[in-house]
Amino acid sequence: MIDIKDIRDTARDMLTKGEARAVIGYRRGSRGMLAEPAFITNLEQADELVWDPTCFHNLSLYLVEDRKFLAHLRKTANAPIAIVAKGCDARSIVVLMQEHYFKREDVYIIGVSCEGTGVVDERKLAPLLNGAHATSAAFDGDDFVFTTAEGEKRLPAREVMADRCLECRNPFPKEHNAVFGEDKTGRQLAEPFAALTRFEAQGNSARWDIWSRHFDRCIRCFACRSVCPMCYCDECVVDSISFPVTAETTAEDKANRIRWIERSAVRSENITYLMTRAMHLAGRCTDCGECERACPVNVPIRLLNNKMEREAREKFGYEPGASIGGSSLVASFLDSDPGDFIR
Amino acid sequence: MSEQQTYEPRIVAFLCKWCSSAGSDLAGVSRIQYPANATPITVPCTGAISPMYILSAFNKGADGVLVSGCHIGDCHYIEGNYLARRKMHLIMQLIEFIGVEPNRFRMSWVSAAEGGKFAQVITDFVNDLKPLGPQEKLKKAERA
Amino acid sequence: MSKKRTGVFVCHCGTNIAATVDVAKVAKEMAGENTVAFTQEYVYMCSEPGQESVVQAIKDNKLDSVVVTCCSPNLHEKTFRDNAQRAGINNFTVEIANIREQCSWVHKDKAKGTEKAIKISRSVVRRVNRNKPMDAIAVPVTRRAMVIGGGIAGIQAAIDIGNAGIEVILVEKQATIGGRMLQLSETFPTLDCAQCVMSPKMVEVNRHPKVKVMTYSEVQEVAGSVGNFRVKVFKRSTFVDPDKCKLCDECTEVCPVVVPNEYEHGLTARRAIYIPYAQAIPASFTLDEDACLGLNPVVCGKCKDVCETGAIDYDIRSQTVTEDVGAIVVATGFDLYDQANIPELGGGKIEDVLDGLQFERLCSASGATHGHVLRPSDHKEPKDVVFIQCVGSRDPAKHCAYCSKICCMYTAKHARLYKKHCPDGRAYIFYIDIRSGGKGYEEFVQRTMEDDDTLYLRGRVSRLYRHNGKVRVHGTDTLTGQNVEIDADMVVLALAMVPSKGTAEIAKTLKIGRDKDLFLAEAHPKLRPVESITGGIYLAGAAQAPKDIPETVAQAGAAAAKVIALLSQATLSRSPLIAKVRRSHCTGCGMCVEACPFIAIRLEGGKAIVNEALCEGCGSCSATCLRAAIDVKNVTQLQVYEMIEACLA
Amino acid sequence: MEKILDKKQIDGWIAALTAKSQDGWEVHAPMLEEGIWTYQPASGAVRLDHPNTNQSPKGFAFPQREIFFSFEQIKGEAPRLTQVLPKEQRHAVFGVRPCDGRGVPRMDKVFTDHVEDPYYNARRKNVAYVGLACNKPPSPNCFCLSVGGSPVSTDGLDVQLTDLGDRYFVKAITETGKALMTAGGKLFTDPSAADQKQVKQVHTDAVAHPQRKINDPDGAPAKLRASFNSPLWEEMARACIGCGICTFLCPTCHCFDINDEVQSKAPLKGQRVRTWDNCQFPDFTMHSSGHNPRENTGARLRQRVNHKFQYFHENFGMHQCTGCGRCISGCPVGIDIVAVVNKVTEHAG
């Protein structure tokens, strides 16, 4: 069990010694039980840090934001930034470093092991609380304990955990500077890719029936993209919400943007968007599952990413976020890559 | 005439300049006949084919998309077709995963010497596409 | 920006296009494109008046770009680009829409053919719309060349290039130059002595003031491109200083190690310190590090002790040297197909079953038997010798699909050489058919049959095995339909020629392709037979395809001529259609750097930078970049996007 | 007009509305699909037991995408434009919660007050809202009472339903509402005195239910105006990821973008379409020069909050926000408009 005091002490220590200019972690939000991202820059704030089953967020997103912010100000950092990272989050950080987004020494990773559990899935939890709303959530061994107006509710974590955590193969942040919690790599709460396997068992037309409804529902709020640390492009190729205009941008650059898809949130465009995103995350997605959690219309985006992840793993022996110096999935190849689909 | 007989699938064929485009030239020189459904777009190398091209072609209403390049080991740019093989595998898997008929995407290796094979690849593709009918799943609606 | 003015020129190609494509309709449709200011159709656009009309139309209509819809760009792209330049516009704003090979010649239905021709033309019009005028890139040239492989092809190429006053580095893997030809006894059809022809060539190349010979060396790494390659060559240590070695042979007398002699194809043995042949160049001994007991006076050191001139030095290190050259000739030669692949003929395990090169060594005066044909098992003169042609060749199901070309001739030669040695012996030749195209070749085979009384049996041999001290040959004579059984004293297999061991590696190192039979691939089977697909790298000899000596020498000369022509230019012009980074979009992730097959991209200041001298314009970077931050000029993603749109309009 | 409708009869009422072939209604009601409540064409089994729908019903009058006109131009000729007005089809939307009902007049203000938006109007005049009072707050993030609303508000609705257990208390608010009820004919019965009493009680209880609270809603416009340059904006928006959830789910966000969707280049053919836009997207105010007056999440959060609680108020005398709480519940990173308004107004003194 992780003692939150350890995380707070580390944060305070880092800030006191000037070894970190900020600590990105989790704190209690204003909405019921949910934690929210916290940006700690002074010692008092360090006591706000929490670690509970609602610490969903892949905070490495904010490392990206931080770099963008610094780049915008044309500043360089005077000290690393510390970040609380779960296994999946730490792998994201590795991918970002693999892609030279920042250097290892720019980040101080305060690893947290998910140990035997993971984060809660609000959608699974709601029916089990019978309409009550939880005001806090806590780890307790293999259980989660929720506080509601009706009192304390203890539930086995496996019943309310997010699928991504159940299926997680590496619940421990291998890449870290400090780490808390027991390394329970190898724990198997569900088959890896279990949800994907269930989905894939259906036939082609059944899969289309389901996906076409999902694609119809997408409202292209781009939360999936916005919440994803890998979607750090200044301009998204499919639908720009932030065309990077710099001193080097020419009028021609602006005129020559390719409209791969239209802004209309209609099925064909939504498909192209979501499929492109899946392709662009192949070999980069570390299955933090934030895109799926953030989606306001419950599109199972994780399935798309999982599909790519499993192909990469099974066909190309590729694990995203395995090493900082590792090769990139789509920029590399092996002689043994499958080619039997080619005529 | 049934619809299946009148329906002519529209194919976008991405051909690498050095092998498959040259192979299609050879089919021409050899006067090997094949269906006129595939419009070729010549690119330097299959390695230059972005998955976006495939998605975009389907988005714009292609019934089938073909990617054809040099055999493994023959790439003019040495490694381009290896990179393509991996990317195209992924995109093909993804297309199939969401329930699009896998036969709508095809990849082939056709060398500059394989005019006959080029014609066969197109013929087979057209034959495989005809029973599937028009591709509506990924296509931009005319007016929604 | 002023509006684009494209001219579209639709060629009828007589009836080649017009019979299947409604050319008038194509022109009319193209006229409807916003950027098209002029259209014209003509019966033969590539004819003199056709070309003139294009030039005139460009001038008269102030066109800034041109689409010619005609035959394959491989035929007339250059023609029309040159015309554009004559008319005063940039040649890279001209593109060809191929509506002949890719359309009219392969379709019969005029309506469908026309529809497709329109799509093809429209997509090219859209592409041209965004083509940028461009100038070829001028690259300075390194006036030096490298020849890889020191056989007859490599030697000839090196001499020819050197004679033009260009420095050449000849790199040979073995301890001597000379290659396969040096192992031959006599050559067909003249039966002149191979070594007598070869030795002077070897001496010539070795003494050539412009040629540097590097034996016992291998090419490790090649960077750069046409005009400017940087080659790393690994020079293995021979532990013998060739300048001091007096060839006294005393070292071999004391060397305690005996290993099979690869230069004699295992017919004899050699010591750990050895000289491949008496005629070896460099004329010096070589200490085989792998065989030697340890390069250490404590362990052995006998050779060093006995060497009077002090030529042997265990401390000579292998080294890697870097050479800058502008062109490379690859002449890495051939090996014989591995007998292990043919178990029915013994798989190389039956005594007295030899391959062609072993037989050459038996016949050679410098060989193990000093030119006497003796069978290895008992050193007796064989009386019945069976020669089998096409072993491993022309067998697409199990072995090599191709014809190895020289076996008919050398088998006939072998039979004649044998008969010369053993006039009372009987020579049998199993063949499928006789291919004797070549000057004096057919006559040579005829003489073998008639004068030398060789028995030609048309058919395949199904099995070989030892029987009563002989080799029993089971075959069929398809002309008589009889099964044939011969108890032979010796069997010689004319094994297929395959690319030499290491060809795969060298192809990869040099980034040149191989064909379906794994020989090095020429750029065009008819028109560019000595060029590899990579600029500045040329092919010579049997590494490209099976061939005989005169052809090899001719190809080597041709390759040399190409090298000389290339290196005679002060600068080279490279295609400017290379990758370009959109710096505003580049995040410096490095995927393009990894994907680039030519090591042409590097990261600098967090952004990708393309080395224009190295980029070949393949586009692997652009398809890999997630941000569309890198594009190949004039084949940009935007252009392809608009072509896709045009195809589906 | 006040009536009682047995819950079992609601499908009958919907059937009656749909049936009349001449000016038949297309009825939409919340349905649960893939774990979310969305308005879907009703075809029986309507229950109205939803908390609130995932998206507000604003799309009935202001769809996420609509075509203005199609265009075509043949080379050398003048372009031809064909206006595309929405189909004349009446839509009755069932189960609209009071907060969403209150969104309707706010959208009307924007699209009909100073300017007439023909596309909005053409749709709006054909939509009727059948509301459902909230007996208790359907979301832990409800705060309608803080913004001048109430769980039993009838603002913007044509009909109000109140759940009385096995039956609805149905009240016509507008003439359209009366017509809708009349179409149901005998399915409706007259309420008894007990019914009247129960409704009153239910409504009283509903209002008494604790909700989240904006502390000084009336002082907000002035205080927000005074806090334009407050450093709090940036601080509170640190976690904002710039997605469109808050605005796309909002019943009153109405910003849009207009684009030409080109289908063919030669001849030029396509449509001009309007789609929702979102002030939280980084490029919302991006100028073509590259300058962006709202260049960080703080400025963008301020825009959203100020629009709801200051600018709209200054223009129309009412808060634009109706307190549905969707932006709070939907935000993946915990940005909470109630907390933001409270914090800024508190610091403004």
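The structure displayed is predicted, hence computed values, not measured ones. Letters A, B, ... mirror the listed sequences (proteins, then strands); counts begin at 1.
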Asker: Between Glu101(B) and Lys137(B), does at least one N-O distance fall below 4.0 Å, as a salt bridge requires?
Answerer: yes
Asker: Have Asn131(C) and Glu95(C) got a donor and an acceptor in their side chains that come within less than 3.5 Å?
Answerer: yes
Asker: Chain B heavy atoms under 4.5 Å from Ala646(C): which part of the residue, side chain, backbone, both or neither?
Answerer: neither
Asker: Is chain B contacted by the side chain of Leu518(C), its backbone, both, or neither, given a heavy-atom distance below 4.5 Å?
Answerer: neither
Asker: Is the shortest distance from a Lys or Arg side-chain nitrogen in Lys110(C) or Glu115(C) to a carboxylate oxygen in the other one below 4.0 Å?
Answerer: no
Asker: Just so I understand: if I count every heavy-atom pair under 4.5 Å between each of Ala521(C), Ser123(C), Gly617(C) and chain B, which residue has the most?
Answerer: Gly617(C)
Asker: Contact part of Ile49(B) toward chain C, heavy-atom cut-off under 4.5 Å: side chain, backbone, both or neither?
Answerer: backbone
Asker: Within the structure provided, determine whether Thr123(B) and Pro35(B) are in side-chain contact (heavy-atom separation under 4.5 Å).
Answerer: yes
Asker: Quick one: which of Ala623(C), Gly619(C), Cys625(C) has the most heavy-atom pairs under 4.5 Å with chain B, could you say?
Answerer: Ala623(C)
Asker: Taking side chain as everything from C-beta outward and backbone as N, CA, C, O, which of these in Leu26(B) sits under 4.5 Å from a heavy atom of chain C? Side chain, backbone, both or neither.
Answerer: neither
Asker: Heavy-atom cut-off 4.5 Å, strictly under: side chain, backbone, both or neither for His76(B) against chain C?
Answerer: both
Asker: Which bit of Phe14(B) is near chain C, if near means a heavy-atom gap under 4.5 Å: side chain, backbone, both or neither?
Answerer: side chain
Asker: Less than 4.5 Å to any heavy atom of chain C: does that hold for the side chain of Val29(B), its backbone, both, or neither?
Answerer: both
Asker: Could you check whether Asp128(B) pairs with Arg106(B) (Lys NZ or Arg NE/NH1/NH2 to Asp/Glu carboxylate O, under 4.0 Å)?
Answerer: yes
Asker: Taking every non-hydrogen pair under 4.5 Å, which of Ile120(C), Asn98(C), Asn74(C), Val640(C) racks up the most with chain B?
Answerer: Val640(C)
Asker: Most heavy-atom pairs under 4.5 angstrom with chain C, which of Gly80(B), Ala57(B), Pro51(B), Ala84(B)?
Answerer: Ala57(B)
Asker: Does one side chain, of Lys87(B) or Ser50(B), offer a donor that lies under 3.5 Å from an acceptor on the other?
Answerer: no
Asker: Taking Val124(C), Val106(C), Thr534(C), Asp109(C) one by one, which has the highest count of heavy-atom pairs under 4.5 Å against chain B?
Answerer: Val106(C)
Asker: Counting only heavy atoms closer than 4.5 Å, note whether Ala595(C) contacts chain B via side chain, backbone, both or neither.
Answerer: both
Asker: If you count heavy-atom pairs under 4.5 Å between each of Ser104(C), Cys647(C), Ser622(C), Ser620(C) and chain B, which one has the most?
Answerer: Ser620(C)
Asker: So which of Ser24(B), Ala36(B), Cys45(B) has the largest heavy-atom pair count under 4.5 angstrom toward chain C?
Answerer: Ala36(B)
Asker: Can you say whether Thr624(C) sits under 4.5 Å from chain B via the side chain, the backbone, both, or neither, judging by heavy atoms?
Answerer: both
Asker: State, without any angle test, whether Asn37(B) and Glu8(B) hold a side-chain donor-acceptor pair at a distance under 3.5 Å.
Answerer: yes
Asker: Taking the inter-plane angle between the rings of Tyr77(B) and Phe598(C) on a 0 to 90° scale, is it parallel (under 30°), tilted (30 to 60°) or perpendicular (over 60°)?
Answerer: perpendicular
Asker: Under 4.5 Å, counting heavy-atom pairs only, tell me which of Ser30(B), Cys16(B), Ala38(B) racks up the most with chain C.
Answerer: Ala38(B)
Asker: Would you say Lys116(C) and His107(C) are linked by a side-chain donor-acceptor pair, where the criterion is simply a distance under 3.5 Å?
Answerer: yes
Asker: Is the centre of the Tyr34(B) ring less than 6.0 Å from the centre of the Phe118(B) ring?
Answerer: yes
Asker: Looking only at heavy atoms and a cut-off of under 4.5 Å, which of Arg127(C), Glu616(C), His524(C), Lys108(C) has the most pairs with chain B?
Answerer: Lys108(C)
Asker: Are Gln102(C) and Ser21(B) linked by a side-chain donor-acceptor pair shorter than 3.5 Å?
Answerer: yes
